[in-house]
Amino acid sequence: MQLETYWMLQMKAVTSVRKCEVSSLGFSFNLYINTCRVKTFVTLKRNLTMAKSDAEVKVLGTWASPFVMRVRIALNIKSVAYEFLQERLWEGKSELLLKSNPVHRKVPVLIHGDDTICESLIIVQYIDEVWPSVPILPSDPHERAAARFWAAYLDDKWFPSLRAIGMAEGEDARKAAIGQVEEGLMLLEEAFGKCSQGQALFGKDQIGYLDITFGCFLGWLRVTEKMSGIKLLNEINTPALLKWANRFCNDAAVKDVMPETEKLAEFAKMLRGRVRATPTS
């Protein structure tokens, strides 16, 4: 009886071990299957991203637009080949532009394969995600938030003040606009010190999101200086920004798309003449 009980206990122990082995094997197999699924998903995602990034790229824009320049600089940074389709907006908007951007009907527009993306800063972010090499946006969340904050300030506050200098009616309005621009440049001088952390660019050692956002306005800033006779960027008030501007404009991704000051000044005179000649209701 004792011997029979002993063998029964041994059989139960073996059965228990086998069950554990089978359970362990099942867990390992499930883990293997799930790992394969993850690897397959990652591979498919990578292949789709590669296929997407290889699609044909076109940019609708004008040579003088600072917002179009943002898109072209971002593509140059990523070494992405693209076709630049120039719009002559003063002669009317093309059917392609109206079809590609039916909401705002303005440039820039990025055409990537069958997809269209509008609004310059949204396009820059899209480019940064589709072609992730050489990142444009900061990786640090706080730095990324700061870059987006100053980008919004430039578009919503500073650049409209710069445009107001050339369009001002009367000396008082002109002086007020100049004061707003100079005040903004002082703020940006301080922001540059914090963002650059002692390096040459807002993006530190390479052109980044805020460099592109602000740098695209440098052509129009120089035109404004030329036409108003005032040095807005100077050694006294904005020494860091003055050095930054020279560094930015001489970068390989920028210098071929930055308009010449004389050519842009002539274009500005033409635009101002058209605006003033347009009757107001």
Side-chain angles (χ1 to χ4, degrees), residues 59-74 76 84 86-90 104 106-108 119-121 123-124 150-169 173-189 191-192 201-202 207-234 237-238 240-251 253-276 278:
V59 177
L60 295 182
T62 63
W63 65 270
S65 168
F67 304 103
V68 173
M69 195 184 309
R70 289 174 176 173
V71 178
R72 300 181 70 189
I73 292 171
N76 288 344
F84 184 43
Q86 290 226 46
E87 291 281 330
R88 298 177 65 86
L89 300 179
W90 52 92
H104 297 297
K106 63 182 183 179
V107 296
E119 298 297 311
S120 63
L121 292 181
I123 297 173
V124 170
W150 287 111
Y153 170 78
L154 283 160
D155 281 4
D156 298 341
K157 299 291 185 182
W158 186 81
F159 187 58
S161 297
L162 183 69
R163 293 179 61 185
I165 295 175
M167 302 305 298
E169 297 288 347
R174 179 175 171 275
K175 286 182 178 179
I178 290 173
Q180 290 174 354
V181 169
E182 290 177 332
E183 182 182 354
L185 288 174
M186 295 290 285
L187 292 173
L188 290 163
E189 174 85 1
F192 177 77
L201 298 160
F202 280 97
I207 290 179
Y209 186 71
L210 196 49
D211 294 290
I212 295 173
T213 306
F214 187 15
C216 71
F217 295 134
L218 289 174
W220 285 100
L221 177 64
R222 290 170 175 172
V223 168
T224 304
E225 289 178 330
K226 177 181 175 62
M227 298 178 73
S228 65
I230 298 175
K231 291 295 291 182
L232 297 168
L233 285 181
N234 55 69
N237 297 324
T238 55
L241 284 182
L242 184 62
K243 292 179 180 178
W244 162 80
N246 292 329
R247 167 70 178 80
F248 176 82
C249 291
N250 287 319
D251 190 275
V254 178
K255 58 185 180 181
D256 289 338
V257 299
M258 179 66 68
E260 297 177 2
T261 303
E262 293 295 332
K263 182 180 179 182
L264 196 58
E266 290 300 317
F267 181 76
K269 291 177 183 177
M270 182 270 290
L271 282 183
R272 185 166 59 179
R274 285 176 176 270
V275 170
R276 290 180 173 175
T278 302

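A tilted orientation is assigned to the rings of F217 and W158, their planes being inclined by 30° to 60°.
Annotation: ring pair (Phe, Tyr, Trp, His ring centres under 6.0 Å) contacts of Y153 (sequence neighbours excluded): W150. Residues that satisfy the ring pair (Phe, Tyr, Trp, His ring centres under 6.0 Å) test with W220, not counting sequence neighbours, are absent from this structure.
Put simply, the side chain of Q180 does not reach to within 4.5 Å of the side chain of P160, judged on heavy atoms. Residues E189 and N237 fail the side-chain proximity criterion, which asks for heavy atoms closer than 4.5 Å. For the pair I212/F202, no side-chain contact is recorded, criterion being any heavy-atom separation below 4.5 Å from C-beta on. Proximity of L210 to L154: side-chain heavy atoms (C-beta onward) are separated by under 4.5 Å at one or more points. With contacts defined as side-chain heavy-atom distances shorter than 4.5 Å, the pair D251/L201 does not qualify. Contact annotation: the side chain of L218 approaches that of W244 to within less than 4.5 Å [non-hydrogen atoms, C-beta and beyond]. Considering only heavy atoms from C-beta on, F67 stays 4.5 Å or farther from K106 through its side chain.
Rounded to the nearest 0.5 Å, atoms CD1 (I178) and NZ (K175) are 9.0 Å apart. Taken to the nearest 0.5 Å, the CG atom of L188 stands 6.5 Å off from the CG atom of L241. Put simply, CD1 on I123 and CZ on R72 are 13.0 Å apart, with the number rounded to the nearest 0.5 Å. In this structure, SG in C216 is found 7.5 Å from CG in D155, a value given to the nearest 0.5 Å.
In terms of heavy-atom proximity, V254 sits nearest to C249 at CG1-CA, 4.0 Å. Between R174 and I165, the closest heavy-atom pair is CG-O, 4.4 Å. Nearest heavy atoms, N234 versus L242: C-CD2, 4.0 Å. Closest approach of F159 to P66, counting heavy atoms only: CZ-CG, 4.2 Å. For the residue pair A240 and F192, the shortest heavy atom distance occurs at CB-CD2, 3.7 Å. Scanning both residues, T213 and R70, for their nearest heavy atoms gives O-NH2, 3.1 Å.
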Problem set entry | E87 and T62: CA distance, side-chain angles, deciding distance, side-chain contact (heavy atoms from CB on, under 4.5 Å) verdict | CA-CA 5 Å; E87 291 281 330; T62 63; 4.2 Å; yes
Exercise. K269 and E266: salt bridge (Lys or Arg N to Asp or Glu O under 4.0 Å), yes or no, with the steps?
Worked result: CA-CA 5 Å; K269 291 177 183 177; E266 290 300 317; 3.7 Å; yes
For this session: Determine, step by step, whether W63 and L264 satisfy the side-chain contact (heavy atoms from CB on, under 4.5 Å) criterion, reporting the C-alpha distance in whole Å, the side-chain angles of both residues, the deciding distance to 0.1 Å, and the verdict.
Result: CA-CA 9 Å; W63 65 270; L264 196 58; 3.8 Å; yes
For this session: Let me see the working for N76 and D256 under side-chain contact (heavy atoms from CB on, under 4.5 Å), right down to the final yes or no.
Result: CA-CA 10 Å; N76 288 344; D256 289 338; 5.8 Å; no
Problem set entry | Intermediate values then yes/no, side-chain contact (heavy atoms from CB on, under 4.5 Å), V257 and F84 | CA-CA 11 Å; V257 299; F84 184 43; over 6 Å; no
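A donor-acceptor pair under 3.5 Å is formed between the side chain of S65 and the backbone N or O of V68.
For residues 211-230, every residue pair satisfying the salt bridge (Lys or Arg N to Asp or Glu O under 4.0 Å) rule, not counting sequence neighbours, is listed here: E225-K231, K226-E262.
Crowding of M227 atom CE: a count of heavy atoms from other residues, nucleotides or ligands under 6.0 Å exceeding 12.
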